[in-house]
Each structure stands twice: as C-alpha cells, then as structure tokens.
Amino acid sequence: MSNLIDGKAVAAAVLEECRNEVVELKAQGVSPGLAVVLVGSDPASQVYVGSKARTCEDLGIFSRKIELSEETTQDELIKVVDELNADPAIHGILVQSPLPNHIDEEAVIRTIDPRKDVDGFHPESVAKLALEDSSGFVPCTPAGCMRLLKEAGVETKGANVVVIGRSMIVGKPMALLLMSKGSDATVTVAHSRSRDLPGICRQADIVIAAVGRPEMVTADWIKEGAVVIDVGVNRVDDATKKRGYRLTGDVAFEEVASKCAAITPVPGGVGPMTIAMLMKNTLKAARQLG
C-alpha cells in the first residue's frame with residue numbers, strides 16, 4: 001500500500017543511528033548501559049524484556065536484566081532501583097510494566113533517578129516535557145509516533161489533531177509533543193467518554209488512536225485524506241490462527257486505510273518504534289551522565 005507508514009523501516013533507520021552513536025560514545029570512553037527490571041512472569045512482559053535485551057546486544061549497549069519473583073515486596077523492588085541509581089555502569093533504568101497489584105507503580109517510578117528515567121515517566125521528565133526542556137526524556141511510544149509523522153512527511157503545523165486516549169504513557173505526552181513549538185498542532189484530547197467521539201475525529205487532519213479498544217475507530221470516524229497513527233495493540237481471539245488469536249490495533253485497518261493519506265499498520269507500525277526510541281533515550285542518558 002502506497003499510503004502505509006512502515007514502522008519497521010523507520011525503526012531500523014533509528015537503530016542504525018543508535019549504532020553509530022554507540023561507537024562515538026565508546027570512543028569518548030562512555031559505554032552505555034541499560035537495566036531492565038522484570039517482576040513476575042507476565043508472558044507479554046517477558047517477550048518485551050527479551051526483545052530489549054537482544055536490541056541492546058545488537059547495538060553494543062551493555063544491558064542488565066533483573067528478574068524478580070511475583071512475591072517481591074515494594075521495599076525490595078525499591079532497594080533494587082536504588083542500587084541501579086548508584087551504579088555508574090547503568091545510564092538507563094526501566095521497570096517493566098505492569099507490576100503485581102501489591103506494588104505501587106507510581107512510588108517505584110518516583111524512586112528512579114530522573115537522569116536515568118529512559119521511560120520518561122518520572123514527574124521530573126513529565127515536567128520537562130511540558131516546559132519543553134530538551135534535557136528531559138520523552139516517553140518512547142509518543143516519541144516514536146512523532147518520528148513516524150516526520151519520516152512520512154506529515155505536516156503538523158496548524159494541523160487539527162485528535163488524540164484518542166489520555167494516559168500518561170501515550171495520550172497526554174503525545175498531546176504535549178504535538179502542541180510544542182516546532183510541531184505547532186491544534187490538539188484535542190478525546191477519550192472513550194467524550195461526547196460524539198466519531199464527530200470529533202471527523203474534524204481531524206491527524207488521528208492518534210491510543211485507547212486500547214480493538215478496531216474501535218471505523219471508516220465513518222475518519223475524513224477523506226486524514227493521517228491515522230494506530231498505537232493500539234490488542235489480542236483478539238481468532239480460531240483461524242495457529243496461536244488462537246490475532247493482533248489488531250484500535251483502528252479497523254481494512255476499512256479505514258482506503259480513506260487515509262497515510263496510516264500505520266498493526267503490527268509493524270508504532271510497535272517497533274517504541275524499542276528504537278528507548279535505545280535513543282538510553283544513549284541520551286549516557287551522553288548527559290558521561
């Protein structure tokens with residue numbers, strides 16, 4: 001499809017940039033290091049953590065994977081984070097979400113040294129994003145979406161953009177990035193409780209779907225020639241598939257794609273960008289920490 005935004009190709013280009021940055025940093029005596037902490041045995045989390053470790057190895061980034069049992073207490077987890085904060089070999093710290101119910105995720109995030117917050121979730125990172133302070137870290141998925149828009153040649157200046165979803169992981173930082181100087185979009189943040197959500201979306205030049213509901217956005221929500229970035233990754237039961245399910249986004253891709261000037265697929269759109277931008281953030285942390 002000529003209007004398909006290929007996240008795999010863009011992510012590959014970002015990772016190639018990272019590979020060159022790693023060489024430059026090592027020439028300056030800095031060996032970038034990323035620590036990923038996994039609590040429990042959530043299958044999806046194990047896949048993500050494994051992928052991050054393999055990407056680090058491929059780029060020449062030192063990585064530490066710390067696997068803790070489901071029964072790990074909050075105090076024990078915070079102690080691990082404190083140790084990583086003090087470790088000069090570690091420039092980036094990521095605590096894989098979701099955490100077990102007995103752990104306060106917000107408290108754990110606040111424990112991470114903001115200078116090593118490569119996920120971009122610490123309150124200091126959020127504040128720097130809002131203040132347009134470039135020393136902070138942007139959450140990886142919204143950063144990836146911005147890079148996809150740029151590589152696809154999508155003009156955001158003056159564009160009417162609707163972000164569906166208001167999470168701290170995607171929706172809110174996405175809106176801040178789009179409103180920032182240089183992006184200059186007019187942004188509406190909508191969500192599942194917005195009145196006349198289809199009507200709101202029909203006004204948009206660009207729709208960012210990050211609501212977590214499979215194929216919620218249908219063709220009648222999208223105006224002709226709009227750009228659609230589908231952040232959603234949902235498992236839908238499918239007996240025709242060997243694994244018993246298929247992955248789909250928040251957008252009904254087959255019916256929406258024909259109306260779009262550009263659209264991301266699921267899988268192969270935003271997903272590959274998240275890990276690529278995590279590597280970018282890790283190298284930024286290594287540069288800033290020295």
For this session: Would you sort out whether D113 and R115 count as a salt bridge (charged side-chain N to carboxylate O under 4.0 Å, His left out), showing the intermediate values?
Result: CA-CA 5 Å; D113 184 338; R115 298 173 302 169; 2.8 Å; yes
For this session: Go through the steps to decide whether R246 and D237 satisfy the test salt bridge (charged side-chain N to carboxylate O under 4.0 Å, His left out), and finish with yes or no.
Result: CA-CA 6 Å; R246 61 185 170 87; D237 292 338; over 6 Å; no
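- Pairing each heavy atom of L197 with each of H191, the nearest pair is CD2-O, 3.5 Å.
- By the 4.5 Å heavy-atom criterion applied to side chains, V207 and I164 are counted as neighbours.
- Checked by atom type, the side-chain pair S183/T156 shows no donor-acceptor distance below 3.5 Å.
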Problem set entry | Criterion side chain to side chain contact (heavy atoms under 4.5 Å, CB included) on D58 and R19, from CA distance to verdict | CA-CA 9 Å; D58 180 55; R19 197 184 309 279; 3.1 Å; yes
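- Put simply, the side chain of Q203 does not reach to within 4.5 Å of the side chain of V162, judged on heavy atoms.
- L278 and L84 are members of different hydrophobic clusters when ILVMFWY side chains are connected at heavy-atom separations under 4.5 Å.
- Inter-residue side-chain proximity for L59 and M279 is flagged as met; some heavy-atom pair is nearer than 4.5 Å.
- Residues W221 and V251 fail the side-chain proximity criterion, which asks for heavy atoms closer than 4.5 Å.
- Between I222 and V217, some side-chain heavy-atom pair lies under the 4.5 Å cut-off.
- You'll find the side chain of K65 stays beyond 4.5 Å of the side chain of L38, heavy atoms only.
- Under the 4.5 Å side-chain contact rule for hydrophobic residues, L247 and V270 do not share a cluster.
- In summary, the side chains of D220 and T218 do present a donor paired with an acceptor at a separation below 3.5 Å, with no hydrogens or angles considered.
- Looking only at side-chain heavy atoms (C-beta outward), V36 and L34 come within less than 4.5 Å of each other.
- Under the 4.5 Å side-chain contact rule for hydrophobic residues, M277 and L176 share a cluster.
- For the residue pair S135 and K128, a side-chain donor N or O sits within less than 3.5 Å of a side-chain acceptor on the partner.
- Residue L15 is grouped with residue I275 when hydrophobic side chains (ILVMFWY) are merged at heavy-atom distances under 4.5 angstrom, including chains of intermediate members.
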For this session: Could you please spell out the steps behind the side chain to side chain donor-acceptor pair (under 3.5 Å) verdict for D117 and S125?
Result: CA-CA 8 Å; D117 173 40; S125 298; 2.5 Å; yes
For this session: Please test T248 against E215 for side chain to side chain donor-acceptor pair (under 3.5 Å), starting from the C-alpha separation and ending with a verdict.
Result: CA-CA 7 Å; T248 185; E215 300 180 346; 3.0 Å; yes
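- Residues P142 and M146 are not in side-chain contact: their nearest non-hydrogen atoms beyond the backbone lie 4.5 Å or more apart.
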Problem set entry | salt bridge (charged side-chain N to carboxylate O under 4.0 Å, His left out) evaluation trace for R147 with E17 | CA-CA 13 Å; R147 181 66 182 258; E17 292 171 8; 2.6 Å; yes
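- Between the side chain of R64 and the backbone N or O of G33, no donor-acceptor pair lies under 3.5 Å.
- F253 and I206 fall into different hydrophobic clusters, where Ile, Leu, Val, Met, Phe, Trp and Tyr side chains are chained together by heavy-atom contacts under 4.5 Å.
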For this session: Test salt bridge (charged side-chain N to carboxylate O under 4.0 Å, His left out) on E57 and R54 and set out the steps.
Result: CA-CA 5 Å; E57 183 180 4; R54 286 191 299 274; over 6 Å; no
